[in-house]
Amino acid sequence: MSALLEVKNLKTYFVSKKRVVPAVDGVDITIRKGETVGLVGESGCGKSMTSLSIIGLVPSPGGKIVDGQILLDGVNLVDLSENNMCKVRGRDIAMIFQEPMTSLNPVLTVGEQIIEVIMYHLQLNRSDATQKAINLLKMVGFPRADKIIKEYPHRLSGGMRQRVMIAMAMSCNPKLLIADEPTTALDVTIQAQVLELMKELSRKFETSILLVTHDLGVVSELAERVIVMYAGQVVEEALVDDIFDKPYHPYTEGLIDSVPLIEGAITRLNSIPGNVPSPEEMPKGCRFAPRCRVAFDRCYSEEPTLQSISTSRFVRCFLYEEGEVNGCSRL
Amino acid sequence: MQQTVTKMEKCEAKSQVNILEVRNLKKYFPIKSGILQKTTGHIKAVDGINLEVKRGETLGIVGESGCGKSTMGRTLIRLYEPTEGEIIFNGNDITHLSESQLRKLMRKQMQMIFQDPFASLNPRKTLGKILHEPLKTHQLYADNYERSERVAELLETVGLNRSFTNRYPHEFSGGQRQRIGIARALALQPELIIADEAVSALDVSIQAQIINLMEDLQEEFNLTYIFISHDLSVVRHIASRVGVMYLGNLVELANKEDIYIEPLHPYTKALLSAVPMIRKKDLSKRERIVLRGDLPSPSNPPSGCVFHTRCPAKMDICREVIPTFKDCGSSHFVACHLYE
Ligand SMILES: Nc1ncnc2c1ncn2[C@@H]1O[C@H](COP(=O)(O)OP(=O)(O)OP(=O)(O)O)[C@@H](O)[C@H]1O
Ligand SMILES: Nc1ncnc2c1ncn2[C@@H]1O[C@H](COP(=O)(O)OP(=O)(O)OP(=O)(O)O)[C@@H](O)[C@H]1O
Ligand SMILES: [Mg+2]
Ligand SMILES: [Mg+2]
């Protein structure tokens with residue numbers, strides 16, 4: 001399968017007179033057609049900035065892509081004018097945000113908002129667009145879709161709003177759907193509805209999904225591949241079953257071991273000591289070294305690179321130099 | 001005769017282990033409308049809860065957003081005036097006590113940890129001041145020096161540096177702020193702590209630190225927790241007993257093992273089946289029950305069993321008759337017609 005999205009050495013910085021914050025610092029991501037990739041990591045590691053960079057919505061002034069390429073079907077989005085990027089957004093790449101209320105217009109009905117998007121991107125007339133909007137809302141689980149289009153966002157529950165957002169995002173059959181914490185604000189029962197829906201849509205329309213979340217359970221439900229970020233960089237990348245089975249990076253292992261489970265023996269949780277470093281106080285050497293249980297001298301002086309272990313597996317850690325896999329087995 | 005004595009002793013022993021007893025607790029919020037702000041209805045946020053909490057245990061409370069978990073917690077600690085029912089704390093009925101009586105009987109002994117400690121920490125006060133104040137209000141310790149010592153000790157207990165006392169809340173990370181919230185709750189050496197979504201906003205790594213800390217403190221000070229959370233995995237980890245709430249009421253209450261291994265109520269089953277799991281292949285394959293529809297409005301709850309509008313096992317009776325909350329054996333309580 002060929003790559004739909006290729007992000008190469010992406011650097012997105014916040015620059016002010018006082019300081020430079022390297023929020024995304026050399027990230028590579030490849031997503032194939034129809035594939036769902038999970039992007040995980042602790043708060044502040046750069047997940048949202050990575051996704052906003054891809055869809056061309058880095059907050060400005062202040063934020064800027066300072067280096068790298070974002071290739072969608074071979075076209076470098078970084079070079080596009082704002083005008084052209086506008087056409088890509090919504091048509092080729094759509095995004096769902098954590099809090100749908102902030103991205104839905106409170107003074108327009110749900111229908112008006114979806115219809116507007118459809119008319120703009122698909123050049124349909126109003127009555128065709130309305131019909132399409134109703135079909136979309138049915139597809140995301142509103143049996144009485146013709147009523148829902150007349151509702152204002154604030155009259156809907158969190159789960160309903162998130163489903164409206166998904167309908168809107170799917171309205172132009174995007175090639176890539178970026179979902180930034182799509183279920184974080186939702187309950188488990190509603191979360192289950194939304195996850196089922198996203199699974200079904202990606203199967204039916206071969207939509208690629210970049211799923212941004214700090215919930216490893218959600219990733220394991222939906223994604224085929226996982227990319228773990230720490231302090232603005234990718235530290236591990238693997239197939240979803242491999243990573244939960246046998247994490248390579250001590251950070252990934254720490255994350256997985258911190259999750260309380262819904263089944264199995266209850267033991268004391270393993271926590272990662274300390275906090276994520278702030279971007280302006282990045283430690284020398286490996287950025288995770290000060291919190292790492294197995295760090296050794298070299299980790300504090302030299303920065304590790306992302307090593308390829310196999311075709312689907314990459315890790316940024318000195319324990320695995322030169323494809324040596326026996327370095328660490330569930331340390 | 002012999003028997004009656006043992007029965008009476010049992011009764012007494014029971015009220016001693018129960019740190020908290022809640023009977024038919026209700027909290028309604030008025031809905032006002034029109035220019036005259038007339039009350040046109042009520043949001044039945046908590047609608048008749050019965051509960052006993054044993055000293056030293058951790059009672060987990062789970063349920064969907066809006067089911068009334070926080071309202072229950074806030075009513076128990078008397079931040080809200082109960083609409084109806086009784087709250088008995090350490091054998092004293094505190095339901096209608098005045099603030100000065102409350103201060104004597106429970107303000108010190110019952111504390112709350114809030115979901116967002118930042119919102120409940122005064123941004124213009126240093127950490128030292130924040131922790132000092134409750135000690136002063138309750139006239140604990142002889143002088144400022146002793147109180148400062150206690151503050152330093154508290155910080156150490158929750159794993160913060162003594163030197164942090166001069167810092168302001170915004171200078172701390174989310175995990176550190178949650179520790180401050182815990183330190184503040186511990187300051188008065190309470191017996192019962194109500195933790196409302198105390199770890200929900202945190203990353204898993206920090207969440208694990210806080211859960212471990214709470215477990216250690218419980219052991220050290222023989223604390224009792226009411227641990228409110230919508231995260232069933234976290235509750236499974238920390239709780240000894242679990243209550244499941246739906247639309248203002250408890251639908252199931254049992255020992256943790258019973259709830260997680262053999263849930264009875266269809267709602268509990270659906271909740272558990274919806275939890276996403278990591279390492280799926282190691283774990284048992286569970287059939288996912290996807291509930292249709294959203295939580296009904298607490299101002300106009302469905303007739304009969306309030307869950308019947310979403311229940312996959314609905315029967316005719318469920319629409320008409322309210323099921324009673326009763327013990328199905330070994331203190332496994334459930335409110336469902338399937339078990340009548
Ligand atoms: N407007 C801004 N100015 C300066 N720094 C910023 C700005 N927005 C974000 N950052 C910094 O960029 C880094 C990455 O932020 P980002 O929002 O991508 O994190 P995240 O991984 O999405 O976290 P979360 O899980 O909390 O959403 C953080 O350290 C953040 O402080
Ligand atoms: N002060 C208030 N005035 C009016 N209604 C309220 C008030 N507080 C809560 N409610 C309503 O009572 C119901 C229960 O709310 P509550 O905050 O207790 O739910 P919860 O279970 O804690 O939800 P969450 O998981 O989202 O925190 C909701 O319908 C809410 O809108
Ligand atoms: Mg984010
Ligand atoms: Mg709440």
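Atoms considered below: every heavy atom in the structure, side chains included; atoms not considered: hydrogens, waters and symmetry mates. The sequence lines fix the lettering, A, B, ..., with proteins before strands; numbering per chain opens at 1.
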> So which heavy atom on B:Ser233 is nearest to which on A:Pro260, and how close?
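Heavy atoms of B:Ser233 and A:Pro260 come nearest at CB-O, 3.3 Å.
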> Which region of B:Val234, side chain (C-beta onward) or backbone (N, CA, C, O), has a non-hydrogen atom less than 4.5 Å from a non-hydrogen atom of chain A, or is it both or neither?
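For B:Val234, backbone and side chain are both near chain A.
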> Got a second to check how far A:Asp245's CG is from B:Ile278's CD1, nearest 0.5 Å?
11.0 Å
> Counting only N and O atoms by type, is there a donor-acceptor contact under 3.5 Å from the side chain of B:Asn212 to the main-chain atoms of A:Arg268?
no
> What part of B:Leu232 gets closer than 4.5 Å to chain A, counting heavy atoms only: side chain, backbone, both or neither?
both
> In terms of heavy-atom pairs under 4.5 Å with chain B, which of A:Val188, A:Asn270, A:Leu269 leads?
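Winner by heavy-atom pair count: A:Leu269.
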> Can you tell me how far the CG atom of A:Leu261 sits from the CE atom of B:Met277, to the nearest 0.5 Å?
9.5 Å
> Which answer fits A:Glu42, side chain, backbone, both or neither, if we ask what part of it has an atom under 4.5 Å from a heavy atom of chain B?
both
> Can you name the nearest heavy-atom pair linking B:Ser205 to A:Ser258, along with the distance?
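Residues B:Ser205 and A:Ser258, closest heavy atoms: CA-OG, 3.7 Å.
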> For the CD atom on B:Glu262, are there more than 12 heavy atoms of other groups (residues, nucleotides or ligands in this structure) within a distance under 6.0 Å?
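Result for CD/B:Glu262: open.
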> Could you tell me whether the side chain of B:His237 and the main chain of A:Thr267 form a donor-acceptor pair under 3.5 Å?
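Confirmed, B:His237 side chain pairs with A:Thr267 backbone.
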> With a 4.5 angstrom heavy-atom cut-off, is it the side chain or the backbone of B:Gln209 that approaches chain A, or both, or neither?
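Both backbone and side chain.
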> Please give me the minimum heavy-atom distance between B:Leu291 and A:Gln193, naming the atom from each residue.
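Distance-wise, the nearest heavy atoms are O-NE2, 2.6 Å.
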> Examine whether an atom of A:Gln191 lies under 4.5 Å from a heavy atom of chain B, and if so say whether it belongs to the side chain, the backbone or both; otherwise answer neither.
side chain
